[in-house]
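By convention in this document, chain letters (A, B, ...) are assigned in the order of the sequence lines, proteins followed by strands, and residues within each chain are numbered from 1.
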There are 2 protein chains.
Amino acid sequence: MEKTFEKLKNELKNKNIRLSHQRLKVLEYMSTHKTHPTVDMIYNDLQKEVPTLSKTTIYNTLDTLKNAGLVKVVTIEDNEVRYDSRTHEHGHFKCVSCEEIFDFDIKFDSFATKGLDNFKINNKDVYFKGICPDCSTKQ
Amino acid sequence: MEKTFEKLKNELKNKNIRLSHQRLKVLEYMSTHKTHPTVDMIYNDLQKEVPTLSKTTIYNTLDTLKNAGLVKVVTIEDNEVRYDSRTHEHGHFKCVSCEEIFDFDIKFDSFATKGLDNFKINNKDVYFKGICPDCSTKQ
DNA sequence: TTTCTAAGTTGTAATCATTACAAGTTAATT
DNA sequence: AATTAACTTGTAATGATTACAACTTAGAAA
Ligand SMILES: [Mn+2]
Ligand SMILES: [Mn+2]
Ligand SMILES: [Zn+2]
Ligand SMILES: [Zn+2]
């Protein structure tokens, strides 16, 4: 089950991160947009509601949220950074046709890995690319 | 077993990609440096041998090699792009302490994925982060 | 509620990686 | 050796991210 905006807000408070208007707006945006948006997308959308919002603040806020563990960075492409408020372990599939990024469940325990004995693993990212079903049927 | 420089050279020739001096230098560098170098690392190293080499050429060449399937891009970090001449499917582990990127074998078939039925998967990247054994013992 | 101030926000400028482009050079075919 | 499309180079343009100083505010304390 997804964390609600209220729960996320409490997590911030518990970590002594100030609940500024801008941060709450970004957090709310992330919790309601599961599309793995870029900084630009967030900025363009939120600007309509908060005209004084600065892009620097988006960068700062996402960095704060990342350090607090409330968002994760998705680097599936080498030319754009995307953000994700789904922080549980899951894989990402990017359709190279429609460019959409899909989440998928994955059993990380099922990974048969050789050569990682004695490595302390803190973070796992799985990125797939290909064609999504919709684009497949449309050819 | 690794592809030798000679084999890689033949692959280029077969794909009608011209064997320019610069391309061969970059290709040779990649086939002898399995450290997942950045453009800057390649440039700085090769410049010593080929003083007229341009960074633009490194970019162009890596793009050509990527399209020819002779190198792969590693986007394990959001702030630097690395290149890999090991093109078989394998995972990458980055030690957040010494910054080294390690290869590891992985059985991609063992992935238990839910929700990717009817998705056509062309590319799989697995990125882990943590602490390598050396850095662990040094604390 | 008012006061206080460390922390947050903003706009602008600086930085850094990557790409565009035009002029000179070369691989490889003839 | 001549030819030419493709390649390389240096420089300039672009675009994303970061640095910074002045202004503003969240939240604690009085
Ligand atoms: Mn996701
Ligand atoms: Mn590798
Ligand atoms: Zn699609
Ligand atoms: Zn290490």
Side-chain angles (χ1 to χ4, degrees), chain A residues 8-30 36-68 70-71 73-83 99, chain B residues 8-30 36-68 70-71 73-83 99:
Chain A
L8 292 167
K9 215 165 122 179
N10 278 327
E11 283 195 45
L12 278 192
K13 200 180 276 181
N14 293 337
K15 286 179 179 162
N16 289 316
I17 296 169
R18 287 197 184 172
L19 306 179
S20 72
H21 184 56
Q22 293 85 343
R23 273 182 191 156
L24 292 177
K25 277 296 178 187
V26 172
L27 189 64
E28 184 189 35
Y29 184 94
M30 290 305 296
H36 313 92
T38 63
V39 165
D40 251 48
M41 294 170 191
I42 301 169
Y43 177 68
N44 288 325
D45 286 351
L46 284 183
Q47 213 185 14
K48 293 163 192 164
E49 287 180 68
V50 190
T52 61
L53 187 63
S54 164
K55 199 179 277 190
T56 300
T57 298
I58 312 268
Y59 278 105
N60 290 340
T61 299
L62 288 171
D63 197 55
T64 300
L65 296 178
K66 185 187 76 181
N67 292 331
L70 300 193
V71 304
V73 178
V74 176
T75 58
I76 198 169
E77 291 284 0
D78 64 351
N79 62 351
E80 75 174 6
V81 179
R82 287 168 167 268
Y83 293 87
E99 313 237 285
Chain B
L8 291 167
K9 214 165 122 179
N10 278 329
E11 283 195 47
L12 279 192
K13 199 180 277 179
N14 293 338
K15 288 178 178 162
N16 288 317
I17 296 169
R18 286 198 184 173
L19 306 179
S20 72
H21 183 57
Q22 292 86 341
R23 273 181 192 157
L24 292 177
K25 278 294 177 187
V26 171
L27 189 64
E28 184 188 36
Y29 183 94
M30 291 304 296
H36 313 92
T38 63
V39 165
D40 251 47
M41 294 170 191
I42 302 169
Y43 176 68
N44 288 325
D45 286 352
L46 284 183
Q47 213 186 15
K48 294 163 191 163
E49 288 181 67
V50 190
T52 60
L53 186 63
S54 164
K55 198 177 280 189
T56 300
T57 298
I58 313 266
Y59 277 104
N60 289 339
T61 299
L62 288 171
D63 196 55
T64 300
L65 296 178
K66 185 187 75 180
N67 291 332
L70 299 192
V71 304
V73 178
V74 175
T75 59
I76 198 169
E77 292 284 0
D78 63 351
N79 62 352
E80 74 174 9
V81 179
R82 287 168 166 267
Y83 292 87
E99 313 238 284

Atom CD1 in Ile42(B), atom OH in Tyr59(B): separation rounded to 0.5 Å? 10.0 Å
Please report the distance, rounded to the nearest Å, between CG in Asp63(B) and C1' in dA17(C). 15 Å
I'd like a list of close polar pairs between nucleotides 2-7 of chain C and the protein, N/O only, cut-off under 3.5 Å.
unit_1 : atom_1 : unit_2   : atom_2 : d
dA7(C) : O4'    : Arg18(A) : NH2    : 3.4

Scan Ser20(A) against the nucleic acid and name what it touches under 4.0 Å (heavy atoms): base, sugar-phosphate only, or nothing. sugar-phosphate
CG of Leu8(A) to CG of Leu27(A): how many Å apart, nearest 0.5 Å? 5.0 Å
Between Asp78(A) and Thr64(A), just flag the one whose closest nucleotide in DNA chain C comes earlier from the 5' side. Thr64(A)
Check the distance between dT18(C)'s P and Asp40(B)'s CG and give it to me in whole angstrom. 8 Å
Mind calculating the distance between CG (Leu53(A)) and P (dG11(C)) to the nearest angstrom? 9 Å
Of the listed nucleotides dT10(C), dA16(D), dG10(D), the one nearest the side chain of Tyr59(A): dA16(D)
Side chain to side chain contact (heavy atoms under 4.5 Å, CB included) assessment of Asp63(A) paired with Asn67(A): CA-CA 6 Å; Asp63(A) 197 55; Asn67(A) 292 331; 3.6 Å; yes
Return yes if some donor-acceptor pair links the side-chain N/O of Arg82(B) with the main-chain N/O of His36(B) below 3.5 Å, else return no. yes
Can you work out whether Val39(A) or Thr52(B) has the more 5'-proximal nearest nucleotide on DNA chain D? Thr52(B)
Nearest-nucleotide check on DNA chain C, Val81(B) vs His21(B); residue mapping nearer the 5' end is Val81(B)
So, OP1 or OP2 of dT9(C): does either fall under 4.0 Å of a side-chain N or O from Ser54(A)? no
Nearest whole angstrom, please: distance from the P of dA19(D) to the NZ of Lys55(A). 17 Å
In whole angstroms, the gap separating P of dG8(C) from CD1 of Ile58(A) amounts to 16 Å
Using a 6.0 Å cut-off, check whether atom NZ of Lys13(B) has over 12 heavy atoms from anything other than its own residue. no
Would you work out how much the helix from dT1(C)-dA30(D) to dT30(C)-dA1(D) bends between its ends, with each end axis defined by five base pairs, to 10 degrees? 40°
Can you tell me how far P of dC7(D) sits from CG of Asn67(B), to the nearest Å? 12 Å
Whole-Å gap separating P (dT9(C)) and CG (Leu46(A)): 13 Å
Point-to-point distance, once rounded to the nearest 0.5 Å, from CD of Glu80(B) to CD1 of Ile76(B): 10.0 Å
Point-to-point distance, once rounded to the nearest 0.5 Å, from CG of Leu65(B) to CG of Asn60(B): 11.0 Å
Interatomic distance, Met41(A) atom CE to Ile58(A) atom CD1 [nearest 0.5 angstrom]: 13.0 Å
On DNA chain D, check which nucleotide each of Pro51(B) and Ile17(B) is closest to and give me the residue with the more 5' one. Ile17(B)
Is the shortest heavy-atom distance from the side chain of Val73(B) to the side chain of Tyr83(B) under 4.5 Å? yes
Taking only distance into account, with no hydrogens and no angle test, what donor-acceptor pairs under 3.5 Å do side-chain atoms of residues 16-26 of chain B form with protein atoms, sequence neighbours excluded?
unit_1   : atom_1 : unit_2   : atom_2 : d
Ser20(B) : OG     : Arg23(B) : N      : 3.1
Arg23(B) : NH1    : Arg18(B) : O      : 3.0
Lys25(B) : NZ     : Glu49(B) : OE1    : 2.8

Rounded to the nearest Å, what distance is computed from the CG atom of residue Asn79(A) to the C1' atom of nucleotide dC16(C)? 16 Å
State whether Gln22(A) places a side-chain N or O below 4.0 Å from either non-bridging phosphate oxygen (OP1 or OP2) of dT24(D). no
Please tell me which of the listed nucleotides, dT10(C), dG27(D), dT9(D), lies nearest to the side chain of Thr56(B)? dT9(D)
